[in-house]
Visitor: 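The structure under discussion is supplied below as structure tokens; questions concerning it will follow.
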Amino acid sequence: MREVIESLVSQALRSAVEGGRLVLPELPDPAVERPRDPSHGDWATSVALRSAKAAGMNPRQVAQILSDEMSSHPDIDAVEIAGPGFINLRVSANALQRVLREVHERGAGFGRIDLGKGARVQVEFVSANPVGPMHVGHGRWAALGDSMARVLEHAGYSVQREFYVNDAGVQMDTFAKSVAARYLELCGREVDFGEDWYRGAYITDIAREIFDAEGDAWADVASADRESHFKETAYVQVLEHLKHVLHGMGVDFDVWFSERTLHASVDGSSEVEKTIEALRSAGHIYEKDDATWFASMPFGDDKDRVLKKADGSYTYFAADIAYHKDKFDRGFDRVIDIWGADHHGYVKRMEAAVAALGHPGKLDVVIGQLVNLFRDGEVVRMSKRTGEMVTFEDLLDEVGPDAARYFFLRRSTDQPLDFDIGLAKQQSNENPVYYVQYAHARICSILRKAAGADTSDETVDISATIASLVTDEAPLDLLASDPELALMRKLAEFPEVVEVAATQLAPAKLTRYAEDLAASFHQFYTLCRVVDPGKPELTSARLYAADATRIALAGVLALVGVGAPERM
RNA sequence: GCGCCCUUAGCUCAGUGGAUAGAGCGUCCGGCUACGAACCGGGAGGCCGCAGGUUCGAAUCCUGCAGGGCGCACCA
């Protein structure tokens with residue numbers, strides 16, 4: 001619809017200029033927008049205001065000329081000049097009714113657009129260290145990344161979800177030492193527990209599993225052997241656990257990428273080394289103070305960065321550059337990283353590295369702010385030192401995946417989120433996830449009612465009956481009252497919401513739209529009796545509209561990653 | 001000290017140059033002998049942190065200031 005309006009405005013501009021009624025150095029952008037106030041119509045353009053100065057007239061005069069030039073269009077009922085010089089356009093009821101047909105025709109594909117034109121995009125998210133449970137922030141980034149992937153797919157991109165496993169480095173060693181120490185305790189040995197080791201109860205749980213399975217066989221071997229064995233068994237356990245928890249909220253990754261593969265030697269050198277050599281031959285590497293440096297400042301970083309330390313080992317950043325090189329080597333047109341807010345200081349150097357690798361502008365780093373946990377208004381205190389914390393798994397168990405995912409997406413990404421466990425569990429009008437799901441269940445109930453089914457009997461399959469009731473033969477021109485038009489207008493917005501959410505990488509737009517659509521339906525329901533035995537034609541048309549709303553609600557909830565229940 | 005993010009109704013937040021700044025919650029009033037009241041309608045409630053600037057027009061862009069959060073390693 002936007003295209004129709006834009007071309008209408010553009011044509012009016014062109015014909016006014018060509019006819020000499022408007023003198024402009026160049027044709028301005030049609031600048032079509034949806035007015036905030038519905039009484040201003042469906043679409044508006046401020047082009048008259050923008051070009052008044054260049055035309056040497058006052059804005060309302062320009063608007064008058066343009067509206068005179070606007071040819072009549074079957075989808076436009078009215079063209080009005082308002083305020084300081086806006087041109088407001090009203091879409092015809094007929095055009096809105098056609099949206100209902102489109103929804104039924106496209107089904108779950110309603111709102112699918114071709115913004116991405118099949119471009120390959122990778123979304124990397126969560127990437128929690130495999131040395132312990134995920135915290136609540138990881139849960140938010142999981143919801144965010146997965147939903148972003150879903151939206152991008154709906155917008156015509158080919159999307160891959162990836163989890164970067166930091167399975168190399170000192171934290172893994174610390175992890176192994178911690179588990180080994182707890183294991184030795186279980187074997188009855190005295191141990192010195194390191195100051196900076198992991199103290200969470202889960203460490204002991206993992207040690208106990210090993211102890212139960214293998215007894216004290218590892219108690220008297222060299223500590224290096226013990227730790228290396230424990231590192232492998234324990235980290236695989238944690239990784240499986242992460243997969244399990246994420247799967248439980250509907251998040252499944254296509255690729256689990258191991259950091260170790262970047263350090264492994266292939267044909268005499270590792271990916272990390274090859275990456276540094278690639279940067280070196282491009283002139284971005286120098287040696288200083290026995291270390292190897294990446295000249296990142298020319299690419300906008302605050303200072304140059306060390307890749308290979310004086311002791312011969314590589315920095316985390318070096319591996320991360322090799323990782324991003326690998327991503328682009330795999331042929332992605334675009335790479336999106338979702339990082340926690342505590343890593344935002346890292347963005348500039350990563351962007352610099354990607355540019356130096358020859359892929360400027362192809363990396364988008366989305367910074368996900370943290371989550372503050374509340375329970376019925378009280379802050380939930382957590383301490384990493386004592387290992388006392390509410391993990392993401394705890395949260396999922398308590399509030400369920402639907403409420404968790406929905407709440408995580410209700411705030412914009414760059415905004416810290418206050419998550420109230422009590423509220424998320426509450427099945428009341430304060431809980432927006434139920435508001436939306438209720439609208440869906442309500443529609444299903446209406447359809448069951450219309451089918452004349454015994455609504456208490458859940459075993460009877462009435463989908464065939466419903467299908468016969470919801471028919472393209474329905475006289476949609478009967479749908480012309482305000483709540484009916486408002487509902488159809490809201491349905492028509494769905495493809496635009498997908499476009500904005502995909503363009504801005506902002507899945508939070510989806511929950512807002514879902515609530516708006518649910519509200520439009522509830523208003524329609526309150527004012528328009530759907531099933532009315534005395535008015536079979538009107539009933540038929542309204543069932544068609546209700547079912548279209550059901551399809552769209554299920555569609556937007558699917559992008560959020562939340563279920564659309566038929567009963568609740 | 002430097003960098004990034006944030007500051008909008010009592011609370012939690014939408015609003016990335018347009019018209020009288022919106023929503024939910026809370027509060028007050030009203031609506032079920034009709035399809036799900038987990039719903040709907042209405043009222044009250046705002047120097048959009050402060051001060052300048054840019055322009056036809058600024059919550060939105062620029063500069064400065066104040067307040068809050070997070071970062072500033074040859075750590076990961």
Side-chain angles (χ1 to χ4, degrees), chain A residues 31 33 35-37 39-40 44-46 48-53 58-59 82-86 88 129 131 166 168-172 174 259 288-293 302-303 305-320 340-348 367 369-370 372 374 377 410-418 420 423 426-439 441-450 455 483 500 504 506 508-509 511-512 515-516 518-519 521-533 539 542-543 546 567-568:
Chain A
E33 63 194 28
R36 229 189 328 233
D37 184 343
S39 73
H40 293 140
T45 174
S46 59
L49 289 142
R50 292 171 198 278
S51 45
K53 197 174 198 178
N58 79 52
F86 290 97
N88 295 336
N129 291 333
V131 296
N166 296 124
V170 299
Q171 81 217 326
M172 286 293 290
T174 305
E259 182 188 352
K288 190 181 87 178
D289 301 334
D290 298 325
T292 303
W293 295 72
D302 301 324
K303 54 172 287 195
R305 306 289 172 177
V306 170
L307 298 185
K308 187 176 187 180
K309 298 183 253 181
D311 67 4
S313 64
Y314 294 96
T315 59
Y316 179 88
F317 182 46
D320 222 0
D342 49 343
H343 285 77
H344 79 254
Y346 208 73
V347 175
K348 274 186 191 170
I367 294 300
Q369 292 289 333
L370 302 166
N372 304 309
F374 291 79
R410 265 199 107 211
R411 293 284 167 263
S412 29
T413 312
D414 56 6
Q415 200 77 249
L417 174 71
D418 289 340
D420 193 304
L423 175 59
Q426 207 172 318
Q427 306 203 355
S428 78
N429 59 345
E430 289 182 49
N431 192 337
V433 64
Y434 290 108
Y435 180 80
V436 177
Q437 290 184 321
Y438 179 69
R442 206 178 204 187
I443 295 170
C444 293
S445 172
I446 294 168
L447 293 169
R448 287 192 295 267
K449 180 81 176 184
T455 49
V500 170
Q504 301 182 5
K509 306 281 180 194
T511 49
R512 178 153 295 272
E515 286 164 47
D516 285 351
F521 179 77
H522 287 311
Q523 287 154 12
F524 160 78
Y525 174 88
T526 303
L527 296 169
C528 302
R529 169 87 194 167
V530 178
V531 180
D532 187 340
T539 297
R542 285 178 172 169
L543 280 174
R567 291 183 167 85
M568 51 193 287

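Keep in mind the model is a prediction, meaning the values are calculated, not measured. Residue numbering restarts at 1 for every chain, and letters A, B, ... go by the order of the sequence lines.
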Visitor: Could you measure between the two P atoms, the one in B:C2 and the one in B:G52, and give it in whole Å?
Guide: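 Result for the P pair: 25 Å, nearest Å.
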Visitor: Is the distance between the ring centroids of A:Phe521 and A:Phe524 under 6.0 Å?
Guide: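 Yes, ring centres under 6.0 Å apart.
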Visitor: Could one point to a donor on the side chain of A:His522 or the base of B:C40 with an acceptor on the other under 3.5 Å away?
Guide: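 Flag unset: no donor-acceptor pair detected.
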Visitor: Would you say the base of B:C35 stacks on A:Tyr525 (centre-to-centre below 5.5 Å, plane angle below 30°)?
Guide: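 Stacked: ring centres under 5.5 Å, planes under 30°.
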Visitor: Using a cut-off of 4.0 Å between protein heavy atoms and nucleotide atoms, how would you tag nucleotides 11-21 of chain B 5' to 3' with B, S and -?
Guide: -SSSSBSBB--
Visitor: Can a donor-acceptor pair be found, under 3.5 Å and without considering hydrogens, that links the side chain of A:Asp311 to the backbone of A:Ser313?
Guide: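 Judged by distance alone, yes, a pair lies under 3.5 Å.
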Visitor: If B:C11 has a Watson-Crick or G-U wobble mate with both distances under 3.5 Å, name it; if not, just say none.
Guide: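 Partner of B:C11: B:G24.
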Visitor: Taking only side-chain N and O atoms of A:Lys309, does any of them lie within less than 4.0 angstrom of OP1 or OP2 on B:C75?
Guide: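 For B:C75, OP1/OP2 do have a side-chain N/O of A:Lys309 under 4.0 Å.
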Visitor: Please check this pair: side chain of A:Asn58 against backbone of A:Ala52, looking for a donor-acceptor N/O pair closer than 3.5 Å.
Guide: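 Here the side-chain-to-backbone pair does not exist.
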Visitor: Would one find a side-chain N or O of A:Tyr346 under 4.0 angstrom from OP1 or OP2 of B:G3?
Guide: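 Checking A:Tyr346 against B:G3: no side-chain N or O falls below 4.0 Å of OP1 or OP2.
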Visitor: Now, which nucleotide makes the Watson-Crick or G-U wobble pair with B:G45, with each of the two distances under 3.5 Å?
Guide: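 When the pairing criteria are applied, nothing turns out to pair with B:G45, so the answer is none.
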Visitor: A:His40: which residues meet the ring pair (Phe, Tyr, Trp, His ring centres under 6.0 Å) condition with it, sequence neighbours left out?
Guide: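 Scan of A:His40 (ring pair (Phe, Tyr, Trp, His ring centres under 6.0 Å), adjacent residues dropped) gives none.
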Visitor: Can you see if the side chain of A:Lys348 gets near the phosphate of B:C2 - specifically, an N or O under 4.0 Å from OP1 or OP2?
Guide: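 No, no such contact exists.
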Visitor: For B:C61, give the paired nucleotide (Watson-Crick: N1-N3 plus N6-O4 or O6-N4; G-U: N1-O2 and O6-N3; both under 3.5 Å), or none.
Guide: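 Answer to the pairing question: B:G53, which forms a Watson-Crick or G-U pair with B:C61.
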Visitor: Using side chain to side chain contact (heavy atoms under 4.5 Å, CB included) as the criterion, list what pairs up with A:Asp516, not counting sequence neighbours.
Guide: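 Testing A:Asp516 for side chain to side chain contact (heavy atoms under 4.5 Å, CB included), a comparison that skips the adjacent residues, returns A:Lys490, A:Arg512.
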Visitor: Applying a 3.5 Å limit to both distances, which nucleotide forms a Watson-Crick or G-U wobble pair with B:A37?
Guide: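 Pair assignment: B:A37 / none.
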Visitor: Considering Watson-Crick and G-U wobble pairs with both distances under 3.5 Å, what does B:C4 pair with?
Guide: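 Partner of B:C4: B:G69.
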Visitor: Has the side chain of A:His344 got a donor or acceptor atom sitting under 3.5 Å from an opposite partner on the base of B:G3?
Guide: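 Under the 3.5 Å cut-off, the side chain and the base do form a donor-acceptor pair.
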